[in-house]
Amino acid sequence: MNFIEELRWRGMIHDMSPGTEIELEKGMTSAYIGYDPTSDSLHIGNLASIMMLVHFQKAGHKPFALVGGATGMIGDPSGKSEERNLLDEDILRHNQNCIQKQLEKFLDFKCNPNPAEMVNNYDWTKEFSFLHFLRDVGKHITVNYMIAKDSVKNRMNSGTGISFTEFSYQLVQGYDFCWLFEHKNVRLQMGGSDQWGNIVTGTELIRRKLGGEAYALTCPLITKADGGKFGKTESGNVWLDPEKTSPYKFYQFWLNTSDEDAAQYVKKFTLFTKEQVDHLIAEHQLSPHLRILQKTLAKDITIRVHSEADYNAALEASELLFGKGNNESLKKLSEETLLSVFDGVPRSEVPASALKEGIDIIDFLSHETGIFSSKGEARRMIKEGGVQINKQKVIEDLRINETFLLNEKYMLVQKGKKNYHLIIKN
RNA sequence: GGGGAGAUUCCAGAGCGGUCAAAUGGGGCAGACUGUAAAUCUGUUGGCGUAGCCUUCGGAGGUUCGAUUCCUCCUCUCCCCA
């Protein structure tokens, strides 16, 4: 199965320029995708494009990951319109290194003959003078052409307008493609469907400036069946960096996807073959309550992004918290397992002396630990049966003391079904 | 510059002198059901406490026994005519 066919059955093609498939059939081709280096970690919103590069490399082509040190400074009008800050070079390099480390989990940067390669457009942009840019790049593209782009048009019609800087964005990105075409023989740029306009400016620039033929391929935006935005939770982005999003939370994110979404995500985010995926979906439909799709999806992605050990820990934690876990099984845990299971769960400390005397449950849940922002809220939730300590529901006139401690040091407070809080005796 | 409308608890949006911590809907949170789902149903959604009290309805004053509701000024938003 070739690259395009592979993407096609996975539903990862939104649009591509004519001739792309023929070009790829000619032999090993190079393609690139750009990443924003404004953070030192990628998030799962980047996952679809990463997978495009993975499939690309697996099909025997050479993938390039570009970090947009230069473009990141300008701000792409296709996305949100907030002003961006200039990143200084040190941070930029740091972010680039972190991003490369994450990409190494997916792409092979060492294999032959098609190792992945990382580039930073800051390298060929930083010395580029304004005049030089106007003469060398701006001359080839008409303003009429640029204005016709949806991203620009929308902003021109809106009350806020568009700054010259952001207007120029497509030229800077287009120049990247041009540069890579010339110096790295890159023939194809890929990305999310929102990047189509920018990518095509690149192919246009290549045609006019270099007389070359380059191609564009985009994948659809990842959607959720309920219309919500993919990749966001109440607590923000889901990051690939375990420091920012713990493997447990990461695993939970995928486990909690809806049936429809899971079927879509298995195709897009795992490397299972078409037969395997069809089989999984069929199996899931036979017995949806087993949630085979979600479990397989969560396992596969967690292992690839983190590790087998992280997956096992996340699984263990999940079973303990949602499955057969009860007061007894909690008490049996060693301190080490306890801490690893609740890694990433919010914590607060309580002085040993207070526990010795005993604390009123309401004070304990509000002032003492900050789990609830007011006593009323704590009281209300207890009445509703929404508070558990060490997996046992609590009542209002309870006093918390040392007998509640696990391993003589910890206490697990649960607000509702999914919100855990680890209390540590200080 | 002239004329008009409005600013209410997370959002939308009622209230138009006491019965208003403030209708209703949405959202959030929780409970039941369940597959750690969806749908549905129920409860809850200022603080302290559970008698009641305290701080809230753009800001500052005023009228009144009493104001979210009336008056004055200020700030901001929107609409129409120039």
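The chains referred to below are lettered A, B, ... by the order of the sequence lines, with proteins before strands, and numbering in each begins at 1.
In this structure, A/Lys375 reaches the sugar-phosphate backbone alone: every heavy-atom distance under 4.0 Å involves primed, P, OP1 or OP2 atoms, never a base. Residue A/Thr257 is out of contact with every strand shown, counting any heavy-atom pair closer than 4.0 Å. Note on A/Arg380: only backbone sugar-phosphate atoms sit closer than 4.0 angstrom, heavy atoms only; bases stay farther off. If you check every strand for non-hydrogen atoms under 4.0 Å, A/Leu290 touches nothing. A/Gln252 comes within contact range of at least one nucleobase, with a heavy-atom separation under 4.0 Å. Using a 4.0 Å heavy-atom distance criterion, A/Asn419 is classed as a sugar-phosphate-only contact.
Nucleotides B/U68 and B/U9, compared at atom C1', are 11 Å apart to the nearest Å. The same atom, P, is picked in B/G61 and in B/C16; the two are 27 Å apart, to the nearest Å. Between B/C74 and B/U19, the two P atoms lie 32 Å apart (nearest whole Å). Comparing B/A12 with B/G49, their C1' atoms sit 32 Å apart, to the nearest whole Å. With C1' as the reference atom, B/A23 and B/C70 are 23 Å apart, rounded to whole Å.
With a cut-off of 3.5 Å on both pairing distances, the Watson-Crick and G-U wobble pairs of RNA chain B assemble into stems of 3 or more at B:1-7 with B:75-81, B:10-12 with B:24-26, B:27-32 with B:40-45, B:46-48 with B:52-54, B:58-62 with B:70-74.
Rounding to whole angstrom units, CD1 of residue A/Ile362 and C1' of B/U50 are separated by 12 Å. Rounded to whole Å, the distance from CD1 on A/Ile292 to C1' on B/G35 is 12 Å. Between A/Lys393 atom NZ and B/A30 atom P there is a gap of 12 Å when expressed in whole angstrom units. The separation between A/Met381 atom CE and B/U44 atom C1' is 9 Å, rounded to whole Å. For the pair A/Leu255 CG and B/U34 C1', the computed distance is 15 Å after rounding to whole Å. Atom pair A/Arg379:CZ and B/G43:P shows a separation of 22 Å (rounding to whole Å applied). At whole-Å resolution of the value, NZ in A/Lys418 and C1' in B/G28 are 14 Å apart. One interatomic measurement links the two molecules: NE2 of A/His289 to P of B/U34, which rounds to 13 Å at whole-angstrom precision.
In A/Lys58, the NZ atom is not crowded: 12 or fewer heavy atoms of neighbouring residues, nucleotides or ligands sit closer than 6.0 Å. In this structure, A/Lys415 places its NZ atom where more than 12 heavy-atom neighbours from other residues, nucleotides or ligands lie under 6.0 Å away.
For the pair A/Leu7/A/Ile4, no side-chain contact is recorded, criterion being any heavy-atom separation below 4.5 Å from C-beta on.
Between the CD atom of A/Glu336 and the CG atom of A/Asn407 there is a distance of 11.0 Å, given to the nearest 0.5 Å. The distance from the CD atom of A/Gln57 to the NZ atom of A/Lys62 is 8.5 Å, given to the nearest 0.5 Å. To the nearest 0.5 Å, atom CE of residue A/Met51 and atom OH of residue A/Tyr265 are 14.5 Å apart. Distance OG1/A/Thr270 to CD/A/Gln276: 8.0 Å, rounded to 0.5 Å.
Sequence order on RNA chain B of the closest nucleotides to A/Lys417 and A/Val387 puts A/Val387 first from the 5' end. Both A/Glu396 and A/Asp259 lie close to RNA chain B; mapped to their nearest nucleotides by heavy-atom distance, the more 5′-ward contact belongs to A/Asp259.
One finds no side-chain N or O of A/Arg291 lying less than 4.0 angstrom from the OP1 or OP2 phosphate oxygen of B/A37. For the OP1/OP2 pair of B/G35 and a distance below 4.0 Å, the side-chain nitrogens and oxygens of A/Asn256 include no atom meeting the criterion. Taking only side-chain nitrogens and oxygens, A/Ser374 comes nearer than 4.0 Å to OP1 or OP2 of B/G47.
Checking A/Phe177, A/Phe64, A/Phe56 one by one against A/Tyr32, the ring pair (Phe, Tyr, Trp, His ring centres under 6.0 Å) holds for a single residue, A/Phe177.
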